Amino acid sequence: MKKSAALAIALVTVGAISTGGAWYTGTQLPGVLDNLIAEANRQSANALLGTSVSSKLELLSLDTRLFSSTAHYRFSLDAPDKDGEPRHIEILLVDNIEHGPLPLSRLARLNLWPVMAASNYQLEPNELTQKWFDAAKGAAPLTGTGVLGYDGATQGTLVLTPLDFAPSPTATVKFSGMNLDIEASKNARDVQVSGGMDSLVVSTTDDTPMQADLRGLTISSEQRLGSGDFYVGESSIKLATSQIKFGDKPALLIKDIAQTGSLQEAGSALNGQIGYYIGKVSYDGKDIGGLRMLWSIKNFDSVAMQSLIKLYQDKLTPAQQAAALGEEAPKPELSADEEARMKADLDKLLAGKPQLALDNLTLTTEHGQASLHVAVDLDKPESFDLPPDELARQVIDKLDAKLSVAKAVIGDGVRVQALVEGVTDAKAVEEQAAMMTEMGSGMALGTGLVTLEGDALQSSLHYADNKVTFNGQDMSVDEFATLVMAKTGGMGGGLGDDPAAYDSQDGSQYDEGAEQPE
């Protein structure tokens, strides 16, 4: 009896707390939703600035009851169409919100941690989205869940339903669906996103039939807001395969596509890398090559960067708004105060000696590799009012660059061209590849801007303290500029009418009477 009485008292207590908490949630919900929508619109505006695209999320209605509420939202997007004409798109969402502290859906899963609200949202049909509902056989093509904690943190999912439909008489779409898990702290100071899709196949049967087959998409991002408005952390988006086929042409297959990013903060300095990767490209079943590109920044002052970006936004926003209305964009002009602010920000940015580098650009082909590395160290000038040439000398503190191209890459380029053009005479292709390898390398050597080391064409440049070392030779900046102008300006005349006249090893011409390149 005592146990039954205790249980009854506990249930009554929990019920009272839940009812009071639900009432409190209902009174607070309108303000909470307004704040969340305002923050979403602010971040969206920042992300889309400069893209001629604008978006807006609105709360159309909120029907609040004791234990639940129903909210209706409208998301609108304004973007130019393929002809540059303004285009307005709207989608509608309905959100069934369970009030905390113990929403029924969480109780059903025995999750007793108190939260402010639990959300279950989905797309609503309109003229634009009705065909998506039809493709999903009446089910909502977009659904999601979310939990809002009393600390302002959110946790949820977004699900795109599998689709198989024909958006037009000449097109079909087969989509496996997509799942995303999202977590964010209050005001989105920490954000984590992960998920992906299995496949997306788009086919058209118009004048130029096309099929695009994308498989194995994964998304991962873990970011936090740094001392400024920069998100720091890691992110990646990867696609296992992408196959594209036009008409009766062979298929182009691209494997292991990836973009990765990392931005870190040390004090007020930003350091980061962004990489782009293509593991392998194949055409008609034959491997062509792969690509790797890695950029990096070091010692970029976050405060100065944020101020410069804000100035850029202030000047770009009126032009973007005018473009959205189809009006002539005003010409951006800096006032005297804005110009002074920009110079002060640049001064602070350059005082940190930032570096921008293309750390690695590598093209790998069947028989060789080509690579490029460029790194520029910047410094604060004595004044921004210096003549342009002197300003450039003082701003560029150090520059290093190195280019290396295996001669075999030239031949591989010829083989790829023959493959795309459908040339099937293997012997003729190999003869052409060999001839163009020797001719191309000879022409490059003939400019005097590259050297031959083994089987690779190479060029290196180092600049510091107003001195240049180019391909191992020391010279002044003026001497280097004169050399490059002479070599590039004389390329056409120096090659003569027959590029094949160049010797493949040292760039000299077979015709002793012909004019030699400088």
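As the structure is a prediction and not an experimental result, all values here were calculated from the model.
Contact of the Phe384 side chain with the Met342 side chain is not registered, since no non-hydrogen atoms from C-beta on lie closer than 4.5 Å. Between Phe300 and Asn271 there is no side-chain heavy-atom pair separated by less than 4.5 Å. Side-chain atoms of Ile257 and Tyr277, non-hydrogen and from C-beta on, never get closer than 4.5 Å to each other. Side-chain contact between Met439 and Met443: present, with at least one pair of heavy atoms (C-beta onward) separated by less than 4.5 Å. Side chains of Asp474 and Lys467 form no contact here, defined as non-hydrogen atoms less than 4.5 Å apart. Side chains of His88 and Ser76 form a contact here, defined as non-hydrogen atoms less than 4.5 Å apart. You'll find the side chain of Phe165 reaches within 4.5 Å of the side chain of Trp132, heavy atoms only. Side-chain contact between Ile288 and Thr365 is absent, with no heavy-atom pair separated by less than 4.5 Å.
Between Met210 and Ala212, the closest heavy-atom pair is SD-N, 3.5 Å. Contact between Leu180 and Gly196 at its shortest, heavy atoms only, is CD2-N, 4.3 Å. Scanning both residues, Leu128 and Glu90, for their nearest heavy atoms gives CD2-O, 3.6 Å. The shortest heavy-atom contact between Asn471 and Gln458 is OD1-O, 4.3 Å. The minimum heavy-atom distance linking Ala370 with Val409 is given by the pair N-CG2, 4.1 Å. Across Asp284 and Pro250, no two heavy atoms sit closer than the pair CB-CB, 3.4 Å.
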Let me have the donor-acceptor pairs involving side chains of residues 352-362, under 3.5 Å, with sequence neighbours excluded, atom names and distances please.
residue, atom, partner, partner atom, Å
Lys353, NZ, Asp379, OD1, 3.1
Lys353, NZ, Asp379, OD2, 2.8
Gln355, NE2, Asp377, OD1, 2.8
Asp359, OD2, Ser296, OG, 2.6
Asn360, OD1, Thr362, OG1, 2.4

May I have the list of side-chain donor-acceptor pairs in residues 423-432 shorter than 3.5 Å, sequence neighbours left out?
residue, atom, partner, partner atom, Å
Asp425, OD1, Lys427, N, 3.3
Asp425, OD1, Ala428, N, 3.2
Glu430, OE1, Arg415, NE, 3.4
Glu430, OE1, Arg415, NH2, 3.0
Glu430, OE2, Arg415, NE, 2.9

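In terms of modelled atom types and a separation under 3.5 Å, the side chain of Lys245 and the main chain of Lys249 share a donor-acceptor contact. Side-chain N or O atoms of Ser307 include none that pairs as donor or acceptor with a backbone N or O of Ala304 at under 3.5 Å. Ser459 contributes a side-chain N or O that, together with a main-chain N or O of Leu449, makes up a donor-acceptor pair within less than 3.5 Å. Listed for the Glu479 side chain is a donor-acceptor partner under 3.5 Å among the backbone atoms of Ser476. Between the side chain of Thr241 and the backbone N or O of Lys255 there is no donor-acceptor pair closer than 3.5 Å. Under the 3.5 Å distance criterion, the side-chain polar atoms of Asp190 are left unmatched by any main-chain donor or acceptor of Ala184. No donor-acceptor pair closer than 3.5 Å links the side chain of Ser236 to the backbone N or O of Thr260. Between the Ser302 side chain and the Ser268 main chain, a donor and an acceptor come within less than 3.5 Å of each other. Formation of a donor-acceptor pair under 3.5 Å by the Gln223 side chain with backbone atoms of Glu234 is found in this model.
Summarising the local packing, CD of Glu127 is surrounded by 12 or fewer heavy atoms from other residues, nucleotides or ligands at distances under 6.0 Å. Within a 6.0 Å radius of NZ in Lys238, no more than 12 heavy atoms belonging to other residues, nucleotides or ligands are found. Shown here is Lys402, whose NZ atom has no more than 12 heavy atoms of other residues, nucleotides or ligands within 6.0 Å.
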Please assess Leu445 against Leu457 for the test side chain to side chain contact (heavy atoms under 4.5 Å, CB included), listing each intermediate value before the final yes or no. CA-CA 8 Å; Leu445 290 167; Leu457 303 168; 3.9 Å; yes

Residues Asn179, Asp181; criterion side chain to side chain contact (heavy atoms under 4.5 Å, CB included); working and verdict: CA-CA 7 Å; Asn179 296 313; Asp181 294 319; 5.9 Å; no

Show your working on side chain to side chain donor-acceptor pair (under 3.5 Å) between Ser44 and Ser55 and close with a plain yes or no. CA-CA 7 Å; Ser44 178; Ser55 68; 2.5 Å; yes

Worked verdict on Val173 versus Asp164 for side chain to side chain contact (heavy atoms under 4.5 Å, CB included): CA-CA 6 Å; Val173 175; Asp164 186 350; over 6 Å; no

Please walk me through it: do Glu438 and Lys407 pass salt bridge (Lys or Arg N to Asp or Glu O under 4.0 Å)? CA-CA 8 Å; Glu438 299 308 315; Lys407 290 172 60 177; 3.6 Å; yes

Criterion side chain to side chain contact (heavy atoms under 4.5 Å, CB included) on Lys380 and Asp347, from CA distance to verdict: CA-CA 6 Å; Lys380 173 183 170 182; Asp347 191 78; 3.0 Å; yes

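The distance from atom NZ of Lys298 to atom CD of Gln273, rounded to the nearest 0.5 Å, is 8.0 Å. Taken from CE in Met178 to OG1 in Thr161, the straight-line distance is 13.0 Å, to the nearest 0.5 Å. Rounded to the nearest 0.5 angstrom, Asn466 CG and Ile396 CD1 are separated by 11.0 Å. With rounding to the nearest 0.5 angstrom, the CD1 atom of Ile89 is 11.5 Å from the OG1 atom of Thr129. For the atom pair CG of Leu252 and CD of Gln243, the computed distance is 8.5 Å after rounding to the nearest 0.5 Å. Separation of atoms CD (Gln306) and CG (Asp301) is listed at 11.0 Å; rounding is to 0.5 Å.
Here Arg215 pairs with Asp213 in a salt bridge; the nearest charged N to carboxylate O distance falls below 4.0 Å. Between Asp287 and Lys280 there is a salt bridge, since at least one side-chain N of the basic residue sits less than 4.0 Å from a carboxylate O of the acidic one. Ionic pairing of Arg393 and Asp478 is present here: one or more N-O contacts between side-chain nitrogen and carboxylate oxygen are shorter than 4.0 angstrom.
By the side-chain contact (heavy atoms from CB on, under 4.5 Å) test, Val232 pairs with Arg224, Leu263, Glu265, Leu270, sequence neighbours left out.
Between Leu349 and the choices Leu308, Val303, Leu378, Asn299, the side chain to side chain contact (heavy atoms under 4.5 Å, CB included) rule is met once, by Leu308.
Ser404 and Ser371 share no donor-acceptor pair across their side chains, judged by distance under 3.5 Å alone.
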